[in-house]
Engineer: 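I have a structure I would like to understand better, so I am pasting it below and will then ask my questions one at a time.
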Amino acid sequence: MELYGVTVGSRLLLGTAQYPSPAILADAVRQSGAEIVTVSLRRESGNERNGQGFWSLVRDLGVRVLPNTAGCHTAREAITTAQMAREVFETNWIKLEVIGNHDTLQPDVFGLVEAARSLSADGFEVFPYTTEDLVVGERLLDAGCRVLMPWGAPIGSGRGLNNVYGLRMMRAHFPDVPLVVDAGIGLPSQAAQAMELGYDAILLNTAVARAGKPAQMAHAFAQAIAAGREAYIAEPMPMRDMASPSTPVLGMAML
């Protein structure tokens, strides 16, 4: 999989929030095989540098960091956070979040496009957290994005793929654009379903971090994602409304 010219082997992107301890986080990342992890910028710790131990842990894992603008509710706030993250993490990559609804954490697609256009012009390589809306996807690509990250369901809900039809349409509409399902995945089977639709990768956090055994769950997701991808490449059989016998009746003896 290629993202902004960078080739990665794992199709699982893992978040780093909500884990019981740094050691459990590190074990989960290793078991997942993830090569990219998302991190949020805690602006309030800038002066005291309280987060330096955490950043050191992430660096020691040898993974690529994808900073995000989690918690931002306006384009201006997201742009400022992205600029700060670039200084801290020394990367042009940014997972862009502009939240529009407090209950569902649904993206504000208008602010998202505005922020994406500004950040792309400033040299950022933007990974936008968006909906499965095709028109919004077109606007984000026009704004300079080369990856789209539609949600499966509200963040942290574990509901899986709420709109399979919309996600399938998005894959068909953008055949050459890397598509990553971001948010709402709660089970490995749900991740496999997204991969079977032809999606390129899965980004998740809560399903692993809040599991009883995060490292084991991370490994399970890695296997499910690999299986879903292989199934997609193998070209699954089409669905039918009626039964189709696996044993042909032509040539059978008539008694």
Side-chain angles (χ1 to χ4, degrees), residues 1-8 11 13 15 36 38-41 64-86 89 91-102 104-155 161-185 194-195 197-205:
M1 178 175 62
E2 187 172 297
L3 303 170
Y4 286 104
V6 176
T7 301
V8 292
R11 294 178 181 270
L13 288 69
I36 300 172
T38 63
V39 295
S40 60
L41 179 67
R64 190 178 185 95
V65 172
L66 175 60
N68 64 38
T69 62
C72 293
H73 289 78
T74 66
R76 175 47 53 191
E77 186 181 9
I79 292 168
T80 300
T81 302
Q83 292 169 338
M84 295 170 65
R86 179 161 62 180
F89 300 108
T91 178
N92 287 326
W93 279 18
I94 191 73
K95 180 193 170 189
L96 181 61
E97 298 182 30
V98 182
I99 301 302
N101 183 277
H102 290 280
T104 64
L105 300 181
Q106 180 173 333
D108 173 356
V109 296
F110 304 101
L112 183 67
V113 172
E114 177 187 347
R117 180 175 293 109
S118 176
L119 291 171
S120 294
D122 192 26
F124 282 89
E125 296 173 324
V126 180
F127 295 70
Y129 165 60
T130 183
T131 65
E132 67 276 18
D133 189 292
L134 301 183
V135 177
V136 176
E138 292 280 10
R139 297 292 184 273
L140 288 168
L141 295 177
D142 291 342
C145 299
R146 291 165 54 190
V147 177
L148 297 175
M149 303 179 71
W151 65 347
I155 294 172
L161 307 183
N162 274 355
N163 185 0
V164 174
Y165 171 79
L167 290 169
R168 183 180 288 114
M169 289 296 293
M170 192 173 209
R171 176 71 285 175
H173 192 70
F174 301 111
D176 300 320
V177 177
L179 299 180
V180 181
V181 172
D182 177 13
I185 299 294
M195 298 301 293
L197 292 177
Y199 276 73
D200 295 283
I202 305 293
L203 194 160
L204 54 87
N205 187 167

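Every value quoted in this text rests on a predicted model; they were computed, and no experiment measured them. Residues: numbered from 1 along the sequence shown.
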Engineer: Is the number of heavy atoms from other residues, nucleotides or ligands within 6.0 Å of OH (Y4) greater than 12?
Structural biologist: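 Result for OH/Y4: enclosed.
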Engineer: For G111 and A75, work out which heavy atoms get closest and say how close.
Structural biologist: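 Scanning both residues, the minimum pair turns out to be O-CB, 3.5 Å.
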Engineer: Mind checking whether L134 and M170 have side chains closer than 4.5 Å, heavy atoms only?
Structural biologist: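 Yes, their side chains come closer than 4.5 Å.
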Engineer: Evaluate the side-chain proximity of I36 to V6: yes if any heavy-atom separation is below 4.5 Å, no if none is.
Structural biologist: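 Result no, sub-4.5 Å side-chain heavy-atom pair not found.
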Engineer: Which atom pair, heavy atoms only, marks the closest approach of P128 to V147?
Structural biologist: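 P128 and V147 have their closest heavy atoms at CD-O, 3.0 Å.
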Engineer: How long is the span from the CD atom in E132 to the NE2 atom in H173, to the nearest 0.5 Å?
Structural biologist: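 If we round to the nearest 0.5 Å, E132:CD and H173:NE2 are 13.5 Å apart.
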Engineer: Any side-chain to backbone donor/acceptor pair from D200 onto L179? Under 3.5 Å, distance only.
Structural biologist: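 Between the backbone of L179 and the side chain of D200 there is a qualifying donor-acceptor contact (under 3.5 Å).
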Engineer: Just by modelled atom types, is the F89 backbone N or O under 3.5 Å from a matching donor or acceptor in the R86 side chain?
Structural biologist: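 Absent.
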Engineer: Side chain to side chain contact (heavy atoms under 4.5 Å, CB included) for L66 and V39? Distances and angles first, verdict last.
Structural biologist: CA-CA 6 Å; L66 175 60; V39 295; over 6 Å; no
Engineer: Can you measure from CG (L204) to CD1 (I185) and round to the nearest 0.5 angstrom?
Structural biologist: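 L204 CG to I185 CD1: 7.5 Å, rounded to 0.5 Å.
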Engineer: If you round to the nearest 0.5 Å, how far is CG of D108 from OG1 of T131?
Structural biologist: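 Answer for the OG1-CG pair, T131 versus D108, is 11.0 Å.
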Engineer: List the steps, then state whether side chain to side chain contact (heavy atoms under 4.5 Å, CB included) holds for V98 with E114.
Structural biologist: CA-CA 10 Å; V98 182; E114 177 187 347; over 6 Å; no
Engineer: Determine yes or no for a side-chain-to-main-chain donor-acceptor pair under 3.5 angstrom, with R171 supplying the side chain and G198 the backbone.
Structural biologist: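 Yes, because the side chain of R171 sits within donor-acceptor range (under 3.5 Å) of the backbone of G198.
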Engineer: Measuring only between side-chain heavy atoms, which start at C-beta, is M149 closer than 4.5 Å to L203?
Structural biologist: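 Of all side-chain heavy-atom pairs linking L203 with M149, at least one is under 4.5 Å.
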Engineer: Please confirm whether the backbone N or O of A70 pairs with a side-chain atom of N68, one donor and one acceptor, at under 3.5 Å?
Structural biologist: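 Side chain of N68 to backbone of A70, a donor-acceptor pair under 3.5 Å: yes, one is there.
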Engineer: Let's go through I79 and D122 carefully: what are the C-alpha distance in whole Å and the side-chain angles of both, what is the deciding distance for side chain to side chain contact (heavy atoms under 4.5 Å, CB included) to 0.1 Å, and is it a yes or a no?
Structural biologist: CA-CA 10 Å; I79 292 168; D122 192 26; over 6 Å; no
Engineer: I'd like to check C145 versus V126 (side-chain heavy atoms, cut-off strictly below 4.5 Å). Are they in contact?
Structural biologist: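 Contact flag for C145/V126 side chains = yes.
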Engineer: What heavy-atom pair brings I202 and A194 nearest, and what distance separates the two atoms?
Structural biologist: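 Smallest heavy-atom distance, with atoms named: CD1-CB, 3.6 Å.
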Engineer: Would you indicate whether R139, at its atom CZ, is surrounded by more than 12 heavy atoms from other residues, nucleotides or ligands within a distance under 6.0 Å?
Structural biologist: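 12 or below, so no.
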Engineer: Do I99 and Y129 have side chains that get closer than 4.5 Å, going by heavy atoms?
Structural biologist: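 Heavy-atom side-chain distance check passes, below 4.5 Å.
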Engineer: Determine the minimum heavy-atom distance between A116 and L140, stating which atoms define it.
Structural biologist: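 Nearest heavy atoms, A116 then L140: CB-CD2, 4.0 Å.
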Engineer: Are any of the side-chain heavy atoms of F127 and L3 separated by less than 4.5 Å?
Structural biologist: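 The answer is yes; the side chains approach within 4.5 Å.
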Engineer: Work out which heavy atom in L119 is nearest to a heavy atom in A82; give both atom names and the distance.
Structural biologist: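 Minimum heavy-atom contact is CD2-CB, 3.7 Å.
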Engineer: Test your reading of the model: is there a side-chain donor-acceptor pair from T69 to the backbone of E97, 3.5 Å cut-off?
Structural biologist: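 Checking the backbone N and O of E97 against the side chain of T69, a donor-acceptor pair under 3.5 Å is found.
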Engineer: With rounding to the nearest 0.5 angstrom, report the OG1 to CG distance, T130 to D182.
Structural biologist: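 T130 atom OG1 to D182 atom CG measures 10.0 Å (nearest 0.5 Å).
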Engineer: Could you tell me the separation between the CG atom of L148 and the CG atom of D133, rounded to the nearest 0.5 Å?
Structural biologist: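 It is 11.0 Å, given to the nearest 0.5 Å.
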Engineer: What closest approach, in Å, do Y199 and L167 show between heavy atoms, and which atom pair accounts for it?
Structural biologist: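 Result for this residue pair: OH-O, 2.6 Å.
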Engineer: Are the side chains of L96 and F124 in touch, meaning some heavy atoms are under 4.5 Å apart?
Structural biologist: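 SC-SC contact between L96 and F124 ruled out.
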Engineer: Please round to the nearest 0.5 Å and tell me the distance separating atom CG of D142 and atom OG of S120.
Structural biologist: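 Separation between the atoms: 11.0 Å.
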